[in-house]
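Single-structure report; data block below.
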Protein chains: 4
Amino acid sequence: MGAVKSKRMPRAVREQQMLDAAVRTFGQRGYMAASMDEIAELAGVSKPLVYLYLNSKEDLFTACIRREAAALTEAVRAGVHPDLPADRQLWEGLRAFFTHTARNPDGWAVLHLQARTHGEPFAAEFTAMREEIAALVTQLILAAAREAHRDPDLPEREVAGLAEALVGAAESLAAWANATPGVTARQAAATLMNFAWAGLGDLMAGRPWSPPEEPERAQAG
Amino acid sequence: MGAVKSKRMPRAVREQQMLDAAVRTFGQRGYMAASMDEIAELAGVSKPLVYLYLNSKEDLFTACIRREAAALTEAVRAGVHPDLPADRQLWEGLRAFFTHTARNPDGWAVLHLQARTHGEPFAAEFTAMREEIAALVTQLILAAAREAHRDPDLPEREVAGLAEALVGAAESLAAWANATPGVTARQAAATLMNFAWAGLGDLMAGRPWSPPEEPERAQAG
Amino acid sequence: MGAVKSKRMPRAVREQQMLDAAVRTFGQRGYMAASMDEIAELAGVSKPLVYLYLNSKEDLFTACIRREAAALTEAVRAGVHPDLPADRQLWEGLRAFFTHTARNPDGWAVLHLQARTHGEPFAAEFTAMREEIAALVTQLILAAAREAHRDPDLPEREVAGLAEALVGAAESLAAWANATPGVTARQAAATLMNFAWAGLGDLMAGRPWSPPEEPERAQAG
Amino acid sequence: MGAVKSKRMPRAVREQQMLDAAVRTFGQRGYMAASMDEIAELAGVSKPLVYLYLNSKEDLFTACIRREAAALTEAVRAGVHPDLPADRQLWEGLRAFFTHTARNPDGWAVLHLQARTHGEPFAAEFTAMREEIAALVTQLILAAAREAHRDPDLPEREVAGLAEALVGAAESLAAWANATPGVTARQAAATLMNFAWAGLGDLMAGRPWSPPEEPERAQAG
DNA sequence: CATGAATGAGAGTTCATTCAT
DNA sequence: CATGAATGAACTCTCATTCAT
C-alpha cells in the first residue's frame, strides 16, 4: 500500500520518505488523529526508525511544517520578478501560490489547517511563514503606491490588515479551487487579482483588471 | 468554576449548559485534546448524562458546530437591512460578523479552527454555513451590479470565487483582529470594506471607500 | 490465577487488592521488570482502573513502600514494651521484626531490595522508615548504657554506626531465615541477640546471652 | 568522556574496557535503566562489538557481577593473614572489605544493590560470593572458639547465622560509610569490630575491643 | 435521572538485538 | 572488526464509553 519496500537506504533518503508519509497523513487525518503507526507503515519503515530519525511526533510535525513552509515560500518567491510592475508581481506571485497549493494539497492542509490548530510551537512556525509572505505582499502594496505617485498615508496597521486580508482571501480561494473541479490555478489567481486590485466597486462598474496574455495557455474559451 | 450546580432542570437548559461547556473546551483545547471528563465537569453534570443527551463526542461536537454556525449566520443576517444600498449592506454585514466573532472567540475557534480540521463530518457542517454566508454575499454582489445598471457578464463561477475570496478575507481578518490588541470590530470591517469595495488599485490611487458616519458610537477620541 | 473476580467493589477495597498485587509483583519481579499489566491482572482489574486509583507506576510503588513500611514499623513497635529492660526490649523487637518479615516476604523484598535500588524518591521513603527503626534501636542502646550505670562517651556517630550495623545484621538475617528452611523467626532473633548483645568474644568464651523462657514454645531440644 | 578511542586492541583489553563501562553504568543507573547504547558509547566501542564479545545484556551483567565479586573476595582474602589471632584476622578482613568498597563504589553498587534485585540468575551469582565470604568468616569464628579453648556447642546452623549477621552488618555499614561524609574505612571497620567482638553488652559496660595501633597511617590529625 | 465503578482499544515511546556493508 | 540501518516486542499511560445501583 505504501512506498515500495526496499531495505538499507541512506538516512537522508529515508528521512524524506518519512516526511512525505507524515505530510500526507497529517494532512488527511489531522495532527492528533494521525498515528505514528500509520505514518511508519506508509513510509515503509518500522516505527522505531521514525523515532530514531525524528525524535517524537511533535518534532516530526514541526519538520513537516518547516519543509512545506519552505517549499511554498520558495515557490512564491521564485514566481515573482522584482523588475515587473507591482500588479504583475502580485499576479505572478498569486499564480505561483495557487499552482503550488493545487499540486501539493496535503502540504497545504498541513500548513493551513493543522499548523495553526495545534498549539503555539506549531502555530509559531506557520506564523513565521505567513509573515514572510505578508511582508512580500506589503512591499508590493507600497510599491504600488509609489507607482501611483502617492505617498500613502495609510498607517502601518492598516497596511498589515490589507495584507492579512489578501493572504486570507488567497488561502480561502486555494481551498475552494482545490475543492471545485475545473477551477485552475490561473483562474483562481485571476479572480483574486480582480478582487484585490480593481475591487468590487470597479468590477461592478465594468472596469476589471485584465491579466496579461500568455502564449503558453489560451484564456479565451 | 463551572456552572452553578442545581438539580432537576429542564432538558433544554441542561443541554445548553453542556454545549456552553463543550464550545469553551473545544475552542480552547481543540477537538481531540478536549476530554469528555473536562466538559462534563465544566458543565456541572455527570458524564453519563452528557452521553444520554448527546450520544457521543462526535455528536456533541457536531451540535456545537451547528449551534455556533447558526448563531453566527443569524448575527450576520440580522445586521443586514435589505433596503440599503449594496455597499451599506456589505458594511453592516461585516460589522456584524466581526462583532460576533470578537464577542464569541471560543465559538469562532470551534468553527474556524476545529470544524475544518477534523475530518469530513465536521468540515461539511462548516462548509454548509460558509456556503450560506457566501450565498448572501453573492446576492450582494449581484445587487451591486444591478445598482450599477450593468448586467455583469461575470460567469456564475467567477461570482462564487469573489464571494469565496471575500469570506476568506473576513475569516482571516477576524482571527487577526482577535489576536491584535487594539483592533476593534469596526476597524476590521473598515479595512476589509476598503479592500473589497475600492480594491488596492483605487486605494493606492487615493480613492478609498468611506464608511458612513454613525451616531451611535463616536469615532474621534 | 489471581484473586477471585468480582465486580463493583468499593474503592477502598479495590485499592487494597491492587496494593496486594503490586507488592507481590514488585517483590518478585523487581520494580522495573514488573509490568502494570501483570499487576492489574493479578489484582483482577483492568489497567485503567489501576491508573484511575493510583495515578502512575511511581505512585503505585510509593504507595506500596509506604504501606509496607508502616506495617513493619507498627509490628516492631507493637512488640516492644517500654517497661522491660533494654535487652528484653531488643529481644522482643527482633522477634517481631523477624516474624513480620517471614510472614510478609514480598513486602520485605519491596522494602529491602527494591525501594533502595530505584532512585531517590523511593529510597527516601525507605530511609525514613529505616531511620525510625534505627532511632528506636539507638534509644535502646542508650537505655542499656544507663542500666549499666555508665554515661557512654560514645560519640553520636559511633552510636549511629552501631545502630546501622544492628539493622543491617537484622536485614541480612531476615533474608537468610526466609531462604533457609527450618529457621524460625525465634531462632533468627536469638542468633542476632547473641551476636549483638554478647558479642563474638563473649560467645566464644561461653557466655551467651540467654533468651527468656516462654511458655508457648519450648526451647530445649 | 569515555575511554580513549584507539583501534585494534587485543580482545582481553577491549573486554575489560567494556566491563569497566558496564560496571559504571549499571552501578549508577541500575540494571534495567542502563542502556546498551550508553555502555557501548562509554566503552568507546560500537554496539555490535559488545554483543560479539558478551552476547547479551544479561551475560554482560553477569560478567560484571562475577568480576566485581572476584575482586572483592580477593581483596578480603589478601587482607587476612592466617597466622594472626582470630580477632586480628577479622579486623584485617573488615578493613580490606571497607577499603575496597569505598574505592570501588560502582562495583559495590552492582553487587549490593543491583545483583540481588533483578532475579535469580544474578542473585545466585551474588549469593555465591556471599557464601564464600561467609565461609571465611565461619572459619574465623571457629578459630576463635579454638583459641578460647572451647569446643563450642554452637550448632553448625548457629555459626552460619552468626556469619550471616556479621556479613550483613558489614554490607550495611559499607553503604552507610560511603554515604556519610567523613567516615573512613578504618572507622567503619572499628565500629563493626567493636560491635561484633565485644557486643553491645560489653560495649555498654565499658569494655570495648581495641584496634591494634598501626605504624603505616597516623591517626592524630 | 445521577453516580461511582469499570474497561477495550489504542496512543506514543523505548530498547535489546541483528544484519549488510 | 566497525558501523549505520533497521526492527519486534513491550511498556506506561489515556480516553471515550458503559453498566449497576
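What's counted below: heavy atoms across the whole structure, side chains too, no hydrogens, waters or symmetry copies. Computed from a prediction, not measured in an experiment: that's the story for all the values here. Just so it is clear: chains get the letters A, B, ... in the order the sequence lines come, proteins before strands, and each one is counted from 1.
Minimum interatomic distance between B:Ala34 and B:Phe26 (heavy atoms only, all atoms of both residues): CB-CD2, 3.6 Å. Scanning all heavy atoms of the two residues, the minimum distance from C:Phe126 to C:Ile65 falls at N-CG2, 4.4 Å. For the residue pair C:Ala21 and C:Ile39, the shortest heavy atom distance occurs at CB-O, 3.6 Å. Pairing each heavy atom of B:Val50 with each of B:Met18, the nearest pair is CA-SD, 3.9 Å.
If C:Met18 and A:Ser35 are placed on DNA chain E by their nearest nucleotide, the residue sitting closer to the 5' end is C:Met18. Along DNA chain F, the nucleotide nearest A:Pro10 and the nucleotide nearest C:Ala34 are compared for position; the residue whose nucleotide lies closer to the 5' end is A:Pro10.
Note on A:Ala33: nothing from the nucleic acid sits closer than 4.0 angstrom, heavy atoms only. Across all strands, D:Ala40 comes closer than 4.0 Å to no nucleic acid atom at all (heavy-atom distances).
Proximity of a side-chain donor or acceptor of A:His118 to a complementary backbone N or O of A:Gln114 within less than 3.5 Å is detected.
Residue A:Ser46 places at least one side-chain N or O closer than 4.0 Å to OP1 or OP2 of F:dT7. In terms of phosphate contacts, B:Arg14 brings a side-chain nitrogen or oxygen within less than 4.0 Å of OP1 or OP2 of E:dA2.
Of the residues in residues 47-67 of chain D, D:Lys47, D:Pro48, D:Tyr51, D:Ser56, D:Lys57 come within less than 4.0 Å of DNA chain E through at least one heavy atom, sorted by number.
The distance between atom CD of C:Glu38 and atom P of F:dC13, rounded to the nearest whole Å, is 16 Å. As rounded to whole Å, 11 Å separates atom P of F:dC11 from atom CE of C:Met32. Rounded to whole Å, the distance from CG on D:Asp37 to P on F:dA6 is 16 Å. Whole-Å rounding puts the A:Met36 CE to F:dA10 C1' distance at 17 Å. For the pair A:Met9 CE and F:dT7 P, the interatomic distance rounds to 12 Å; values are reported in whole Å. Atom CZ in C:Arg11 sits about 19 Å away from atom C1' in F:dT21, given to the nearest Å.
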(message) One pair to check against salt bridge (charged side-chain N to carboxylate O under 4.0 Å, His left out): D:Asp59 and D:Arg66. What are the steps and the verdict?
(response) CA-CA 10 Å; D:Asp59 284 5; D:Arg66 288 216 178 109; over 6 Å; no
(request) Check the pair B:Asp106, B:Thr25 against side-chain contact (heavy atoms from CB on, under 4.5 Å), reporting the backbone distance first and the verdict last. (result) CA-CA 8 Å; B:Asp106 290 329; B:Thr25 310; over 6 Å; no
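Among residue pairs with one or both ends in residues 43-53 of chain A, those qualifying as side-chain hydrogen bond (donor to acceptor under 3.5 Å, both in side chains) are A:Asp37-A:Lys47; sequence neighbours excluded.
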(message) Output the pairing pattern of DNA chain E as a dot-bracket string, 5' first, Watson-Crick or G-U wobble with both distances under 3.5 Å, | for cross-strand pairs, [ ] for crossing pairs.
(response) .||||||||||||||||||||
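Between the CE atom in C:Met9 and the CD atom in C:Gln17 there is a gap of 4.5 Å [rounded to 0.5 Å].
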